[in-house]
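What follows is a set of notes on a single structure, which appears directly below.
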Amino acid sequence: RIRQQRAWLQQRLAKAFPETGSLAEQQLRQLANDYRINGDLRKLFWQQKLLRRVDEVPVALVLAQAANESGWGTSRFVQQANNLFGHWTYQGHRGMVPLQRDKDKTHRVRIFTTLRASVQAYLKNLNTGSAYKYLRQLRAMRRDNNQPLIGEQLAAGLIQYSERGEEYVEEIR
């Protein structure tokens, strides 16, 4: 889906900006909204920012994180909450309390209706979250240099995914 969105976006941005109120403009603005871009899409800066967000995450990276975060599918969070990636929430009704959560913490592990919803939330998180700006920069540099997106290299952009920082990145690699 992201690959299709990106191809459409690239085609759309290669043309003149759509007329105000047109279907193409509405679609472009909806895509920008989905990827948390609030700037003027008539400006190159905001178009480039949107293009950096509407991009793929290498399957190898997705699988490595899913395996790591879910204990290869054995964790309570994946089995009871369809949560492959350890997503947290602060909305109590949408989460389950971690058994070993520190007493001063209030987060819960988010509950998803399906594994697919977990994957979609993960991809949106990496493509829009401020903590993963570096991952998006690395990915954009590879795109700019016509290099393939390699999970092992993009893993450097996950430094903030875990409190373990660089140790986590090395484990994912």
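The figures that follow rest on heavy atoms only: side chains count, while hydrogens, waters and symmetry mates do not.
Listed by chain and number, the residues in a side chain to side chain contact (heavy atoms under 4.5 Å, CB included) with Tyr90 are Trp88, Thr106, His107 (sequence neighbours excluded). Checked against side chain to side chain contact (heavy atoms under 4.5 Å, CB included), Arg143 has the following partners two or more places apart in sequence or in another chain: Arg6, Asp55, Glu56, Leu149. A search for salt bridge (Lys or Arg N to Asp or Glu O under 4.0 Å) contacts involving Glu166 returns Arg173, not counting sequence neighbours. Taking the side chain to side chain contact (heavy atoms under 4.5 Å, CB included) definition, one finds that Arg110 meets it with Asn83, His87, Thr89, Arg94, Phe112, Ala121, sequence neighbours left out. Every residue two or more places apart in sequence or in another chain that forms a side chain to side chain contact (heavy atoms under 4.5 Å, CB included) with Thr114 is listed here: Arg116, Ala117.
Within the model, atoms CG of Asp144 and CZ of Arg139 stand 12.0 Å from one another, a figure rounded to the nearest 0.5 Å. Summarising the geometry, atom CZ belonging to Arg53 is positioned 13.0 Å from atom CD1 belonging to Ile2; distances are rounded to the nearest 0.5 Å. Separating the CG atom in Leu31 from the CD1 atom in Ile37 is a distance of 9.5 Å, to the nearest 0.5 Å.
A heavy-atom distance below 4.5 Å is not found between the side chains of Gln10 and Val54. The shortest side-chain heavy-atom distance between Leu50 and Leu28 falls under the 4.5 Å cut-off. Phe45 is not listed as a side-chain neighbour of Asp40, based on a closest heavy-atom distance of 4.5 Å or more. Contact annotation: the side chain of Val78 approaches that of Leu115 to within less than 4.5 Å [non-hydrogen atoms, C-beta and beyond]. Side-chain atoms of Leu123 and Gln120, non-hydrogen and from C-beta on, never get closer than 4.5 Å to each other.
Applying the ring pair (Phe, Tyr, Trp, His ring centres under 6.0 Å) definition to pairs two or more places apart or across chains, none involves residues 55-83. Residue pairs meeting the salt bridge (charged side-chain N to carboxylate O under 4.0 Å, His left out) criterion with at least one partner in residues 97-109, sequence neighbours excluded, do not occur; the list is empty. Residue pairs satisfying the side chain to side chain donor-acceptor pair (under 3.5 Å) criterion with at least one member in residues 13-37, sequence neighbours excluded, are listed as follows: Gln5-Tyr35, Thr20-Arg42, Glu25-Arg29, Gln30-Asp34, Arg36-Thr128.
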Test log, rule side-chain contact (heavy atoms from CB on, under 4.5 Å), inputs Met141 and Gln147: CA-CA 8 Å; Met141 286 189 305; Gln147 297 174 326; over 6 Å; no
Audit row: Asn82, Thr113, side-chain contact (heavy atoms from CB on, under 4.5 Å) steps and yes/no: CA-CA 7 Å; Asn82 289 315; Thr113 55; 5.6 Å; no
Derivation of the side-chain contact (heavy atoms from CB on, under 4.5 Å) call for Arg76 and Leu99: CA-CA 10 Å; Arg76 176 172 80 101; Leu99 296 176; 3.5 Å; yes
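As a member of the Ile/Leu/Val/Met/Phe/Trp/Tyr network built from side-chain separations under 4.5 Å, Leu44 groups with nothing else and remains a singleton.
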Which pairs would a plain distance check flag for residues 154-163, meaning a side-chain donor or acceptor within less than 3.5 Å of a matching protein atom at least two apart in sequence or in another chain?
unit_1 : atom_1 : unit_2 : atom_2 : d
Tyr161 : OH     : Phe85  : O      : 2.8
Ser162 : OG     : Arg164 : N      : 3.0

Please output the side-chain donor-acceptor pairs of residues 57-69 that fall under 3.5 Å, not counting sequence neighbours, one pair per line with the distance.
unit_1 : atom_1 : unit_2 : atom_2 : d
Gln65  : OE1    : Tyr122 : OH     : 2.6
Gln65  : NE2    : Tyr168 : OH     : 2.8
Asn68  : ND2    : Glu171 : OE2    : 2.4
Glu69  : OE2    : Tyr168 : OH     : 2.7

Contacts table for residues 129-138: side-chain donor-acceptor under 3.5 angstrom, sequence neighbours left out:
unit_1 : atom_1 : unit_2 : atom_2 : d
Arg136 : NH1    : Leu126 : O      : 2.8
Arg136 : NH1    : Gly129 : O      : 2.9
Arg136 : NH2    : Gly129 : O      : 3.1

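Gln79 and Gly73 get closest at one heavy-atom pair: NE2-O, 3.2 Å. Between Pro148 and Arg142 the shortest heavy-atom distance is O-NE, 2.6 Å.
Within 6.0 Å of the CG atom in Asn38, the count of heavy atoms belonging to other residues, nucleotides or ligands does not exceed 12.
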